[in-house]
Every structure is written in structure tokens, then in C-alpha cells.
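In what follows, chains carry the letters A, B, and so on, assigned in the order in which the sequence lines appear, proteins first and then strands, with residues in each chain numbered from 1. Note that these values count all heavy atoms, side chains included, but never hydrogens, waters or copies made by symmetry. A quick note: this is a predicted structure, and the numbers were derived from the prediction, not measured.
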Number of protein chains: 2
Amino acid sequence: MKTEIIAIGTEILSGDLINTNTPYLNKKLSNIGLEVSLNTEVPDKPGKLKNTIKASIERSDIIITVGGLGPTEDDITVKAIAGALGRRLIFNKTAGKWIKEHFKKRKLKCHKINFKQAYVPEGTICLPNKIGTAPGLLIKIAKGRFLIALPGPPGELKSIFENSVLSFLETKRKTKKVIISRIIKTTGSPESQIAAKIKGLMRLGGDITMGSYPHPHEVDLKITVTASSKKEADKKINKIHNILKKRLGLICFGINEDTIESVIGKLLTSRRKTLSVAESCTGGLLSNRITDIPGSSNYFISGVVAYSNAEKVRILKIKKETLKKYGAVSCQVAKSMAKNLRKMCGADYSLSITGIAGPGGATNKKPVGLVYIGLADKKGCRVKKFLFLGSRPVIKLQITEAALDILRKSLI
Amino acid sequence: MKTEIIAIGTEILSGDLINTNTPYLNKKLSNIGLEVSLNTEVPDKPGKLKNTIKASIERSDIIITVGGLGPTEDDITVKAIAGALGRRLIFNKTAGKWIKEHFKKRKLKCHKINFKQAYVPEGTICLPNKIGTAPGLLIKIAKGRFLIALPGPPGELKSIFENSVLSFLETKRKTKKVIISRIIKTTGSPESQIAAKIKGLMRLGGDITMGSYPHPHEVDLKITVTASSKKEADKKINKIHNILKKRLGLICFGINEDTIESVIGKLLTSRRKTLSVAESCTGGLLSNRITDIPGSSNYFISGVVAYSNAEKVRILKIKKETLKKYGAVSCQVAKSMAKNLRKMCGADYSLSITGIAGPGGATNKKPVGLVYIGLADKKGCRVKKFLFLGSRPVIKLQITEAALDILRKSLI
């Protein structure tokens, strides 16, 4: 089934709005085995939009339009679709009711202009929008061929897509095969080393494909399998996953939506352990990542960002002589930071970070990216030295990733 | 001049790679007054790509292709361009020399396959790539009409575009008018209130356009003016900017690339003042935003993330009775956090945050999004109460924005 996505909005082509909807739809469609063959982004120009939609109807089986469903004069998608299909606009009573209810629930006055969103091309099935007033539109073009129009605000688009469109498209796929993807998330090893270890697996062929996607702090491996049943697909994917785990070992930290901070959250919760952190050059990013996880207050006690040396002495009780003798960026200071904080706050684990995030602050012996990471637990404190390369935000990200990974490895 | 961008890569359409290059080019082209009329994203399929490029040559004056210039078999852009133009590939000696030098500089062995990147369509001017081995390609299609091919890695694309393409396109623009844009950044006021205050300015018409772009924590207003000289354009834009500042007042915090944390950094530096922060529900995000600014160690002393009540008592010396009587999320606790930290660490300013980021932790009287923000200085401590709506990360972002804005207003 030829599938394409058309995103509509002059603000996209002027670079004033980043279109996150198309990448979202690409991923979701790919996960159910629908290959998208074309993405386009076009301005809000009535004639041009009508022609774009007309051309898409001629070449594709599934067309998804994004944006331009609002109540104002600038929102021209519905009219363009009606024009391209040669259908007239009619008032959809269900959509009208939804719009009325939307305003009533919020105790807001409903203006006549708002009902513009209930006028849709003849033969449209309106899809409910739980967040806004623009209904999604599902229009049959011909046997097995459909045009779907979704609103531009990402929350509304996702809600309609996940509640009404995804399962519909799954039933319409021509292949009755099951397609499943799984992302294996790794950290601590560069893509080239991973590639060397899994040589041969990247081009297995047949019903299995594998891709490698590097990020500044992690490498994702995506396995996709096609099979005649969910059971068979699961079996296949588990087999490859097990081979990967055997070859790659501890660097695999999770799958799909897992983050290293969510994995640590689960480990700390199940082991009933607590954590505190003492940061310097990462400036709070480590605490922030840990507390991005809902419920982190169950295991996270406190974080200290001791940016100045005086505060390292005051809050973390680092000895002035240690700072003077070894410097703030040193194994000895990292060790004291973690050990002292753990003792003072009573956490099971304390992580510490001291380093140079750049672009300034480097010396001859201590370059940008040099960092010492400490982990204190009841057995004592170990410190590891790293050297990271990149811009300030990339270095901050990589340091916190390494710190979280040291804790993860210690927990498993 | 009709301009379009074609991004090439199956990994974009499968949702495995987010194409950040097209939005980057859209913004850069818009800033020099080139209106992009179409963005497309297509897979690495030779026949299809050739047809896409052929169609673009028929309808547009400037075509920019992105990606597919690598040395492997999967990289098919150059061949597709040659096919679409009906030109043969010839070895470009300059590009060959660049490739050789690239490997020599890095003390790496240069393989025969690497020279594939020096074969380009007849009549191509190769553009130097300071980062990688793929040269950019500049191909004249007809009088005043050009195809430009850029590599996919964003660093390489930006480097070639900014060093060789941007100034070239400026000279080719048919209009000799000067086009200048300025983004006015605002915080603390919703888009609808801003719209009401600047009514009439949004549709000035003529050579001035204005757009409003809301983010969860800020609203950007973009002014674009066209004039016959740089001087006249600057005059026009300054005039509108001044009207905006008069109507909107303190909510305008900066322009273009400014962030609220960079603005505060400049204010603290110029006033030689220091800052420390005590956070609870924002979990380190406030410290992290402040320390994202290079050189922040000149004014940022320390941050404390006192997540547990015990740590609020231990590190921030909050009285147990205060916590018991008013609860951790209260005006009284916010006040003590800021005042106590300031006194202990000797900073000129201390910010404090205590609230409920959600999704859990709410009570009947204290809903998700409730927060108290304190600012202590030599004159004392003021606390402001807010209620934010949204997901956990959005609420964390909005709270830290409000805290930074309180400090900014106090500094000016």
C-alpha cells in the first residue's frame, strides 16, 4: 500500500515551526509495517494545496494530511480536500455535537465560527478529538484507499491517531503478516565497536532487518521482523535479541522507550535503595535526569551542585588541602564528594562528578572533557576517569550518561 | 525565485532519523528572503529519486538536495542528479585533492572507494567540506537556475552551506532588496494576551510581516522587513521593535538567539552579582539551565536539590515545625529555603522552588502544578505562588522559566 504524508503550513517552510508530526507518523506507520514512500511539506496556498492533494490521490493508497483544520480563515485543508475530491462540504451533526460539548465542558462561549470545523466533505467519517475542537477526517477515496486528515497541534494529532487511526490502518494493510520492531538501547560503546561485534547480523536478510542509530550518548539497534503470526514474530525477535545480548553483554541497558534513568529508577525501587548525587561541571543535569522519572522521590534524596570551590568545602566538606594539592578536577576530590555526601545524607549510593565541561576552564594538564566520576556505597568508593569530546551540552550529556551507567552496572 | 528542498534517506521515512537539515535550511533561506515553496523527503530508491529531481528541475529555480553523498553503495544522489540532468560523471581533481588531504591530515589510510566522492556531474563546481570527505555540489541548470547538493551529516551540511552557499544565493536573489528578520522573545504572558496588546501590528502589510510562535514557556514574535538598503531595513525593524517594547513592556526579554538564562548571565556578570538556587520539584533543571551558559561559573555559586524533607532540614536548615505546620509546598518553606541558602553560601541572590511537578503527589488542597518561588536578596525575600498546567517535563520547564524571570525582573 503506497502511503504518503502531507504536512500543511507556511510556518514550516519559513523555518518558524518544526514539524514533529511527520517524523512521529513515519515511526508509527513503520512499526505496523506501512512503508511511507513520500513526505511533503507545503504552504497554506489554496490552489497549490488542492493540486498537491489531487496528485497524491492519483498515486497513493493512504494519504495522511497534517494541519490546517482550525476554525480561522487561514485553515484551508478541508476545502482543498473537498476540491481535490470534487465533493461538497456538508454539516456533520456528530462533529457539531462534539464542538458544542467541548465548549460546555470548559464553560466557554461557543462562537458561530467554531462550527466551521463541523463542515466536512461528503462521505467523511469524523474521528473524535479529546483535546481540541477539530475532528479528524477519514474519507474513503476508492476500494481500500483512504485519505485521513489530522489537526496540526501534536497532542491532538497523537490522540486522534492512536485512538482512531492506528487500529484502522492495521486492519487495512494488504499483507496479513505481522511486523514487529524492537529497539535495543546501548550505552558506553561507540557505534564502530558495536558494528564489529555484531558483524553478520546487520544483513541477515529474509524477514529480518536491523539498523544502527547513533546518538551522542547512546547507540540504538532496531530489529524488525515479519512473520505469519504474532507468536512467530515474537520468537524470531527474541532469538535475535538474545544473540545481541550475548555478543554485546552489559552495554545493552533496555528496550524501546527505556532511558538509562528509567532503568535505574526501576532497579533502585525494586532493591529499595536510595541515591544522592554531588555534581560540579554537569551543573544539575544529573539530578534533573534522575528526577525526570515520575516517582523518583521514592529513591532520590538530594543533589548538590557545588560549582564554586568554597561550596565544595561548605556543603560537601571537601578539605581545603585536598582541593589545593590535587585541584577540584581530580580523583581525590571526586572520591571525597561521593563519600562525604553519602555519609551526611544517609543514602545507599552517592554519585559524584567533577570535570571540565568547556569551552573554557582547561589547563595544559586538564583538557576540556576530562572528568572524574565517583560512586560511593557501603563497601567504599570507586572513581573512574573519562575524557569526552564535543560541545558543552554534549559533554554534559555524556558525563551524566557515564555516571548513571556506573550506578546501573553496580546495581545489577 | 522558486526554491525547494529534497531530503534523501529511507531512514527518514521509516522514522528512524529525524531530518533536522530541512528546517535549518528553511530558516536560513527565509532569513535572506528566499521563500521555500516545497519540502520533500524521499527514500534512497534510484529510479524514484531521479524522477523526483527531474520534476523539481522543471518547476523550481533553486533546488537543494540533502543527503546521499557518502562513499558507499547506498549513496545514490550524485548518480540520480547526473541521470536527471542527462550529464555524465567526471573526476573532479580539486575534490580528489581535498579527499587525499582529509585522510593525510588524520593519518588515516585512504581507500579507493573514498574517491567515488570526487566523481561529479559535468559542469559541477565542488564546494569544500571542512569536516568530512563529501564535497558540496553547485550545478548550473540554466541561466539563474541552480541545483545544490549537500551532505546529510548536519555539521557538514551547515559548514558547507554557511561557508559557500549562503552568500552565493544572496547574490542570485532576483530582488536586490534587503530582507531582515528579528525575533522578539517574550515570557510570562500567554499568546492570546500578547495578541490583544499588539492588535493591528500583525497585519501591517506592505514590506513588514509579523508572526507569533508560542512555545510551552515562551512566545516568539518574528518581524521581517524588506527595504532597499540595510540602513532602511534596520530603521524599519527598530521602529516596530520599539512599538512592541512599548506595548508589551517587561515581558520582552531578548532577541534572536537569547535565552532567559543567557540574559540573566549577562545581567549578573555586568552587575558583578552571584547566585545560588535551592530546588525541590524541578529536581536540578534550574541549576542545569543556568550552567548551560558558558562562563556561568563566574556568577553561579551552588545549587541544592533538596528532594526529601530530611534533606530540606539538613542542607537548607528548614525548621521541622515549619515543614509540619505548612507542608513542604508552602510559601513559608519557599521563603526559608531562599533566605537560609543565601545566608549560608554568601550569594547576592538566592532563588528557591517548592511545588508539585506531577503526575503524582497532589492532595485536595495542593494540585499538580502548584509551586512557590522565592527570591532572597539583601533586602529580604519575596515569594510568588503559581499554578502551571501540563505534563511533568512541561511543568518543570515552566516553573524554572518563571523563577529565572523573577530574578531577571529584579536585576533590571
**OP:** Select one option (side chain, backbone, both, neither) describing which atoms of B:Leu316 are under 4.5 Å from chain A's heavy atoms.
**Re:** neither
**OP:** With a 4.5 angstrom heavy-atom cut-off, could you sort out which part of B:Leu13 is near chain A: side chain, backbone, both or neither?
**Re:** both
Original post:
Which bit of B:Glu35 comes within less than 4.5 Å of chain A, counting heavy atoms only: side chain, backbone, both or neither?
Top reply: side chain
Original post:
If you take all heavy atoms of B:Asn39 and A:Ile12, which pair is closest and at what distance?
Top reply: ND2-CG2, 4.4 Å
Original post:
Are there more than 12 heavy atoms of other residues, nucleotides or ligands under 6.0 Å from atom NZ of A:Lys343?
Top reply: no
Subject >> Distance-only polar pair, side chains of A:Ser14 and B:Lys222, donor-acceptor under 3.5 Å >> reply: no
**OP:** Quick one: which of A:Asn31, A:Val36, A:Thr22 has the most heavy-atom pairs under 4.5 Å with chain B, could you say?
**Re:** A:Val36
**OP:** With a 4.5 Å cut-off on heavy-atom pairs, point out which of A:Pro43, A:Ser37, A:Ala306, A:Pro359 contacts chain B the most.
**Re:** A:Ser37
Subject >> Heavy-atom closest pair, residues A:Ser302 and B:Glu311 >> reply: OG-OE2, 2.5 Å
Original post:
Between B:Ile301, B:Leu38, B:Thr40, B:Leu29, which residue shows the highest count of heavy-atom pairs closer than 4.5 Å to chain A?
Top reply: B:Ile301
Original post:
Picking from A:Ala310, A:Gly303, A:Ser297, which has the most non-hydrogen pairs under 4.5 angstrom with chain B?
Top reply: A:Gly303
Subject >> Residue A:Ile395 versus chain B: region with a heavy atom under 4.5 Å >> reply: neither
Original post:
Looking at B:Asn288, B:Asn309, B:Thr52, B:Thr10, which makes the most heavy-atom pairs under 4.5 Å with chain A?
Top reply: B:Asn288
**OP:** Heavy-atom distances under 4.5 Å only: say whether B:Tyr213 touches chain A with side chain, backbone, both or neither.
**Re:** side chain
**OP:** Applying side-chain contact (heavy atoms from CB on, under 4.5 Å), run through A:Glu41 and B:Ile5 and close with a yes or a no.
**Re:** CA-CA 10 Å; A:Glu41 293 171 338; B:Ile5 298 168; over 6 Å; no
Subject >> Which portion of B:Ile18 sits near chain A, non-hydrogen atoms under 4.5 angstrom >> reply: side chain
Subject >> Proximity breakdown for B:Lys312 and chain A, heavy-atom pairs closer than 4.5 Å >> reply: neither
**OP:** Heavy-atom pairs under 4.5 Å with chain A are the metric here; pick the option from B:Pro393, B:Ser181, B:Ser287 that has the most.
**Re:** B:Ser287
Original post:
Looking at B:Thr291 and A:Arg392, what are the two nearest heavy atoms and their distance?
Top reply: O-NH2, 2.6 Å
Original post:
From A:Ile315 CD1 over to B:Leu341 CG, what is the distance, rounded to the nearest 0.5 angstrom?
Top reply: 7.0 Å
Original post:
Atom NZ of A:Lys27 and atom CG of B:Leu17: how far apart are they, to the nearest 0.5 Å?
Top reply: 10.0 Å
Subject >> Contact origin within B:Pro294 toward chain A - heavy atom pairs under 4.5 Å >> reply: both
Original post:
When only pairs under 4.5 Å are counted, which of A:Glu11, A:Lys28, A:Met344, A:Arg314 shares the most heavy-atom pairs with chain B?
Top reply: A:Arg314
Original post:
Between A:Ser296, A:Ser308, A:Cys345, which shows the greatest number of heavy-atom pairs under 4.5 Å with chain B?
Top reply: A:Cys345
